[in-house]
Every structure is written in C-alpha cells, then in structure tokens.
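Here's the structure, in structure tokens; my notes come after.
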Amino acid sequence: MRMLQIHSDGFSFEAKRKALKNAEDLTEKVYKTEDSCLVNFIAAETSDETNVTGAAKTTADMIATAAEEVKETNIVVYPWVHLSETPSKPSTAMKLLKTVTKDLEKRGFNVVQVPFGWYKAFAIHCKGHPLAERSKVLDISKEIAKAADVDVTEGEDLTALQAEEKATSTFYIMETNGTVTAVKDFNFAKYKELKLYVNYETAKDRTAQEPPPHIELMKQLELVDYEPGSDAGNFRWPPRGLTLKKAIEERVTSEMVDYGAHVLQTPLIYDYQHPSLKSYLQRFPSRQYVVKSGDHDFFARFSACFGQFLLASQATISHKQLPLKLFEIAPSYRREQRGELAGMRRLRAFTMPDIHEIVADEEMAKQSVMNQIEFVEKLMNELEVSYEVSFRVLREFYERNTSFMEKIAKRIGKPIMIEVFEERYAYFVFKGEWNVVDAQNKAGCLSTVQIDVENGERFKITYVDEDGKDKYPLILHTSPSGAIERILYGVLEQAYKNMKKGQVPHLPLWMTPVQVRLAPVDDAIVDYCLEIGKTLDEAGIRYEIDDRSQTVGKKVRSAEKLWIPYIAVIGEIEQKSGELSIRRRELKDQVKMSLGDLIREIQNKTTFAPKQRLLLPHLVSKQAIFSREV
RNA sequence: GCCCCAGUGGCUUAGAGGCUAUAGCGGCUGACUUGUAAUCAGCAGGUCGCGCGUUCAAUUCGCGCCUGGGGCUCCA
C-alpha cells in the first residue's frame, strides 16, 4: 500500500466516466466541502493481497494517527492507483478502501470515500504546514514477518512477545536430595560454574569487552568462517569444519536411531497462510526470513516443528506406537536482531538436531523426559565440556509434580537451577536446559527438553486410544545436543578455558577433522605414507599427509597449529622398523608404537562415533588454504 | 532494531590531511632433501570496507550505508 496524505482546506471532486467495467455505482457524482480535511490518496499493491484485512487495519491506523497529529476529524479516502508500480487487482484495492473507510468510521471520523473505478476531476488546497503533506508505504507481508500479526486482535491469544513481558518468575536451586533454596540464599562455594550461570540468567551480569575467543579459533583451525556475500549470521564451512559438523550430525542421528526415532526430512519454507502455522507464529517471538515465490510469501523454518507437526497430523498414530519419535537434522533460520548475533553462539542460519516425541499424557511425558535425560547427558559428556543444568517450570506444573522434579535433580547428580514462572507465556509448561558457561562467563544453552501442551491440538495431531477414540497428545520438543554451531562454540570456548589454565587445547578426538597427520621426512617417503594412509582409511581414521617440501620442524608446527591430536614423523627409520614415532597432543609426549596400536588407541576412544571421512584431499600439498595460517 | 567501538594485500599488522602506503606470515620461483613448533634468497600481490561531502589535495576529517565486535533486548 502506498499513500499520499494532504491536509487540505476544502475538497471537491466530480466523477466523469467509468475507468473500469465494474466500477462502483454512484449515489452522487459531485461532492464538495469547504471544511478542512485529511485527503488520503491510496494505491493498493500486490503485497497487500497476502493479507487485505491486515493491510487495511494498518492503513487505517496510519490515517488515524496522522489525523490525530493534525487534529483533523474529516477524512477523505481517495483511490489513486498511480502511486504504485505494482498495483494489486482492482478487487483487492476496492476491498482495502472499503475496509479502511468502515474502520475509520467506527473510530468516529467523518469519512468520505471517493468512488472507485472512475475518471474524476478534483480540487484540493494544501494547508502548507509541515505535516500537511506526507507519504506512507506499507508492505503487509513484511509486517507479518515481524510476527506483529495484525490479525491478533481478532484471535484468542496474545503474541508471545507481549506475554513474556508480563511473565514473572522466581529462581531457586534444587539439590540432589530435593532441597530447594532461593537463589540468593544458596551457598555457591562449591559450585563456581553454577554461580556464573545463575548470575548470567538472573543478575544479567554481562560485561565483556573482547570478542569471544572461539571466533578467532574457528578461523585459525579453518573450521568455519564469516561469508561477507551472505546475510549476517550465515557462515561458510570449509572442508575441515564440514567434516567436524557432519561427524557431530551423524553422531546425534545414530543416537536418535538407537532411541527409536523415525528419521526424516521436511521442507525449509512454509506458507504464512496455512491456518495452523499462522496461529503458531503468534506464539513464537522469533523473527523470520521471508521467502518470495511469485506473489506468495513463505517463511524459512526456525525449527523442525512445522514440518514434523504437519506430517504427524496426517499420520495414522495408534496408542501402541506411543511414544512416537520424529527426528530431523534441521537447518533453521531465525532473523535475530543484528546486535544479538555473536560468532557461533548466536546465528541467523544454524543446524538444529530436533526430535519431537509424541506422548499420550503427562505421565508418559514425565517418563519420556527421564529417558531423554539419559541421551542428553551422554551426548553432552561426549562434547567434553562442563555444563550447568536448569529447569524452567510453570508453577502449577511444578506443584503438581514436585516428586518428579526431585527425581530429576537426583538423576542430574548436582545442584540445578529452577525457574518457576507464574503464567504460561509459551507452549511449554516444562523446559530443561543444558548450558555451557563460556570464557567470558556468558551462558549458552545447548540441549533442551520441553513439554508442549498446546501444539497437539493446534496442529490437529491425534492418536487413536485403546477406546478407539481420537485424542490429542502432548509433545516433547527436544534438541538432543543443541545446535551444531553452538556445540562448536561450547567446545572451542572450553578449549580456550583449558588453555588459560595451562592445558593443551584440543577438540574431542571423535569430531576433530584430522585425527592423524603423517609428516614424511623427505619426498621419498611419501609413497610409504600413502600405504599407511590406506590402512588408516580402512580403519575409519581421518588422516592427511604433509607432503610439502618443508623442514620437519615446520611440518610439526603446522600440525600443532591445527590441533591435530596424533602427529607421525616418518622417515627411513620408521620405514625399516615398521614402527611409528607418534607425537600425542593431549599427553604432550612422543612415543613409538605400531600402526595397529595407534589404530586401536584411536578406535577405543571413539567407539561411540559413526565413521566420518575427511572431506578434503589427503595430500596437504593439494589442499587450498582457506583461513588456516600454515 | 537502538547505543558504543572497529574495518589498511589471503591472514596479522605499522602509519599519517600531501610526494613511490609499512612489515611479518602465507603464495610463487630458485637453492637446500631436511628427524619433532618457523632454512635461505628473490618475485608477485593493495581503488587503505562502499558511497557522498569538506578541501588545492582524503585511505586519513564529516555524514550515510555495509560488515564485524561489545552493551540493551532476545535465543538452539
């Protein structure tokens, strides 16, 4: 919608002849007033077609605001298509104008709507004060994207944004024996990291001057980097990083298969107009990417929820299949505010392993939460990061399920933070979070487990119960490991913290891109290295060969800079003896061992991880340099 | 989104209202064939983030934009 507003002393028009076949019927062809009025020339555009009522309401808002500013009660609504290069269909324009007129009348303005579809003569006399001439532009599809959905007033619930403002909550610490203490009374002496985490959540103590250390590390290790050619918060993954990313994705997927999940893939973009999605968007304060397809607007998914819910709503589900688990590695998009973005901690494009577990009722939900805690803990431990656990619970749920909460605290095995909120501001009544505290004492949430009490019904997901009747289930939303990018953030921040304590920083062996680097002493040994490489490959171990014409010292340095855990310098001695001389990063030692021993040592430490190949050429001389130093 | 800070070859960086804009790493060429964190020499590589303005003159000053970081807000 485009609009030109003129505050005028008097206004008149005369309809001459029809410009459109289906032009409005006229009661009178001439109109004239001497009173002052606010004349609004309005052109409806194609973008208004996605939501005419919304566009009309916003337009009426704009006019009313402008009228109040110039203290005007007389309004003229004048159809004027020539303001736009992308006019809507005439029917849309007519509907928009009629709705705007009615809306303004309801608000108590004197409104004259100039007939639609006629060639007209008109006379206007602009008052000439600073606010007398103004123009307005509205793209209603973008307004929708802001989730400030104008249809909300007609609907039943508030946006989550508004609801969150009202929500009040209280923070406690629950110990493993079930003792609950208010956060301010708890003795944190033995729980330094928990204190840092709680501070971050409650006191909002967030003072950092430096960039988070993981940002520099991720570039130096050539794992992931900014892409200036994309939107902010969208990153590119060179092969080393992609190897690590895929290793994590495969690890989580295999754990989910073990857990009994149905692994699937659903679309990236969804229709704004789909009825279930429309009301779900009101519940989700995150901003969306808008994708245009012809005249239609879609939004990029911000989690796997939609795809899986729509799929589940059409599936035939029996109570015998419950709990039913749907899992997906879901590339997701959230158009976070610029200032909220920070390296791998907060992105606009990220990869979220997302499982939805459909359960019959609260009892089954609680059992499933206990089950899920098992794999969440396992995966978190494999990341080799320290973490703090918190639960956010609706008071009503908490009071009804105190023993359940105590059971969780016992299972977690260390004090946990509990936030009890009075009013439900989102779809969940219960939410567990596994958080890392980074080198700047900021917290980042990785895994999360939530009990959703409203989307079963919203998406018309039903299961057939024993009695043959359709019933709405509860749904657990869970990210078993947290977003892959955020995992990398946690792992790198942990490495940096270790470094500060004087330890050698490292990546977990199972996810590190290159597990073994072979450094031949001279060119003649490269062939022998290739043979060793073949054996490593068969064993599922990722390796590369530094065949560049450089000194051994420099080859070792290069490998150390990339945090490669096993470096084997290979020369004539090794070729003759058949033994390897291995420099082990974590143990800071240098040992002789056979190839078989090396393979066994790595395999023993990585038994749980699926095999992931290195996604770049084995010969370092053939590898492009993307962002590593040497 | 708002407020603050920054942006110099691929990377790290020196510099100053003016004359041919530093240096190291990396790259290329040559020599060396190397034993556990940097071998030597030479060469190439820059519209000093983009646009507009101020000025005789702008990479340097001002404004706007883009990108990154920090704060607010918010989240996997």
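Basis for what follows: all heavy atoms, side chains included, without hydrogens, waters or symmetry-related copies. Keep in mind that this is a model prediction, so the values were computed, not measured. Chain naming here is simple, since letters A, B, ... match the order of the sequence lines and numbering starts at 1 in each.
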For this session: Establish, yes or no, whether a centroid distance under 6.0 Å links the rings of A:Tyr543 and A:His618.
Result: yes
Problem set entry | Atom pair distance, as rounded to whole Å: CD in A:Gln372 and C1' in B:rA76 | 15 Å
Exercise. To the nearest angstrom, how far is A:Arg236 atom CZ from B:rG10 atom P?
Worked result: 12 Å
Problem set entry | Nearest to side-chain heavy atoms of A:Lys442, which nucleotide of B:rU73, B:rG71, B:rA76 | B:rG71
For this session: For nucleotides B:rG15 and B:rA21, find the distance between their C1' atoms and express it as a whole number of Å.
Result: 8 Å
Exercise. For atom C1', what is the distance between B:rA58 and B:rC19, given to the nearest Å?
Worked result: 15 Å
Identify all pairs in which a protein N or O lies below 3.5 Å from an N or O of nucleotides 63-67 of chain B, and state each distance.
residue : atom : partner  : partner atom : Å
B:rU67  : OP2  : A:Arg338 : NH1          : 2.7

Problem set entry | B:rU67 and B:rG30, which share atom name P, separated by this distance in whole Å | 43 Å
For this session: With heavy atoms under 4.0 Å as the rule, sort A:Ala342 into base, sugar-phosphate or nothing.
Result: sugar-phosphate
For this session: Using a cut-off of strictly less than 4.0 Å between a heavy atom of the residue and any atom of RNA chain B, enumerate the qualifying residues of residues 477-486 of chain A by number.
Result: A:Gly482, A:Ala483, A:Arg486
Exercise. Separation of A:Gln220 atom CD from B:rG26 atom P, in whole Å?
Worked result: 14 Å
Exercise. Within this structure, what is the CZ-to-P distance between A:Arg348 and B:rC75, rounded to whole angstrom?
Worked result: 16 Å
Exercise. Given atom CD of A:Glu222 and atom C1' of B:rG10, what is their separation to the nearest angstrom?
Worked result: 11 Å
For this session: Sort and list the pairs that fulfil salt bridge (Lys or Arg N to Asp or Glu O under 4.0 Å) and have at least one residue in residues 474-500 of chain A, not counting sequence neighbours.
Result: A:Glu193-A:Lys497
For this session: Give a yes-or-no answer on whether the side chains of A:Tyr489 and A:Asp438 include a donor-acceptor pair shorter than 3.5 Å.
Result: yes
Exercise. For the residue pair A:Tyr333 and A:Tyr289, is the inter-centroid distance of their aromatic rings smaller than 6.0 Å?
Worked result: yes
Problem set entry | A:Glu250: partners by side-chain hydrogen bond (donor to acceptor under 3.5 Å, both in side chains), with sequence neighbours left out | none
Exercise. When the C1' atoms of B:rC43 and B:rA37 are considered, how many whole Å apart are they?
Worked result: 28 Å
Problem set entry | Trace of the side-chain hydrogen bond (donor to acceptor under 3.5 Å, both in side chains) decision for A:Ser479 with A:Asp354 | CA-CA 5 Å; A:Ser479 187; A:Asp354 204 357; 5.8 Å; no
For this session: Look at the aromatic rings of A:Phe430 and A:Phe397 and report parallel, tilted or perpendicular, splitting at 30° and 60°.
Result: tilted
Exercise. Taking a pair as Watson-Crick (N1 to N3 plus N6-O4 or O6-N4) or G-U wobble (N1-O2 and O6-N3), both under 3.5 Å, which stems of 3 or more consecutive pairs involve RNA chain B?
Worked result: B:1-7 with B:66-72, B:10-12 with B:23-25, B:27-31 with B:39-43, B:49-53 with B:61-65
For this session: Evaluate the side-chain proximity of A:Phe309 to A:Ile358: yes if any heavy-atom separation is below 4.5 Å, no if none is.
Result: no
For this session: Would you mind reading off the distance between A:Gln288 atom CD and B:rG1 atom C1', rounded to a whole angstrom?
Result: 16 Å
For this session: Rounded to whole angstrom, note down the P distance from B:rG17 over to B:rG64.
Result: 24 Å
Exercise. Mind checking the P distance from B:rC63 to B:rU20? Whole angstroms is fine.
Worked result: 30 Å
Exercise. With sequence neighbours left out, which residue pairs that include part of residues 553-565 of chain A fulfil the salt bridge (Lys or Arg N to Asp or Glu O under 4.0 Å) condition?
Worked result: A:Glu560-A:Arg583, A:Glu560-A:Arg585, A:Lys561-A:Glu629
Seminar exercise, completed: Sorted by chain and number, sequence neighbours left out, side-chain hydrogen bond (donor to acceptor under 3.5 Å, both in side chains) with A:Asp452 holds for A:Asn455, A:His477
Problem set entry | Closest listed nucleotide, where the reference is the side chain of A:Arg334 and the choices are B:rA76, B:rU73, B:rG70 | B:rA76
Problem set entry | Touch class at under 4.0 angstrom, heavy-atom based, for A:Gly444 against every strand present | nothing
Exercise. When you compare B:rA76 with B:rC50, how far apart are their C1' atoms, in angstrom units rounded to a whole number?
Worked result: 34 Å
Exercise. How long is the line joining CG of A:Leu341 and P of B:rC72, in whole Å?
Worked result: 15 Å
For this session: Could you encode protein contacts along nucleotides 27-38 of chain B as a string, one character per nucleotide from 5' to 3', using B for base contact, S for sugar-phosphate-only contact and - for no contact, with a heavy-atom cut-off of under 4.0 Å?
Result: -----BBBBBBB
For this session: Run the ring-centre check on A:Phe306 versus A:Phe299 and record whether the distance is less than 6.0 Å.
Result: yes
Exercise. In whole Å, what separates the P atom of B:rG45 from that of B:rU29?
Worked result: 16 Å
For this session: Look at all strands and tell whether A:Pro353 reaches a base, only sugar-phosphate, or nothing, counting heavy atoms closer than 4.0 Å.
Result: nothing
Problem set entry | Partners passing side-chain contact (heavy atoms from CB on, under 4.5 Å) against A:Ala330 (at least two apart in sequence or in another chain) | A:Arg301, A:Ala304, A:Glu328, A:Ser332
Exercise. Can you tell me how far C1' of B:rG70 sits from CD1 of A:Ile215, to the nearest Å?
Worked result: 11 Å
Seminar exercise, completed: Applying side-chain contact (heavy atoms from CB on, under 4.5 Å) to A:Pro238 and not counting sequence neighbours gives A:Glu222, A:Phe626
For this session: With sequence neighbours excluded, tell me which residues meet side-chain hydrogen bond (donor to acceptor under 3.5 Å, both in side chains) with A:Lys576.
Result: A:Glu572
For this session: Using the test side-chain contact (heavy atoms from CB on, under 4.5 Å), find all partners of A:Ser594 that sit at least two apart in sequence or belong to another chain.
Result: A:Asp597
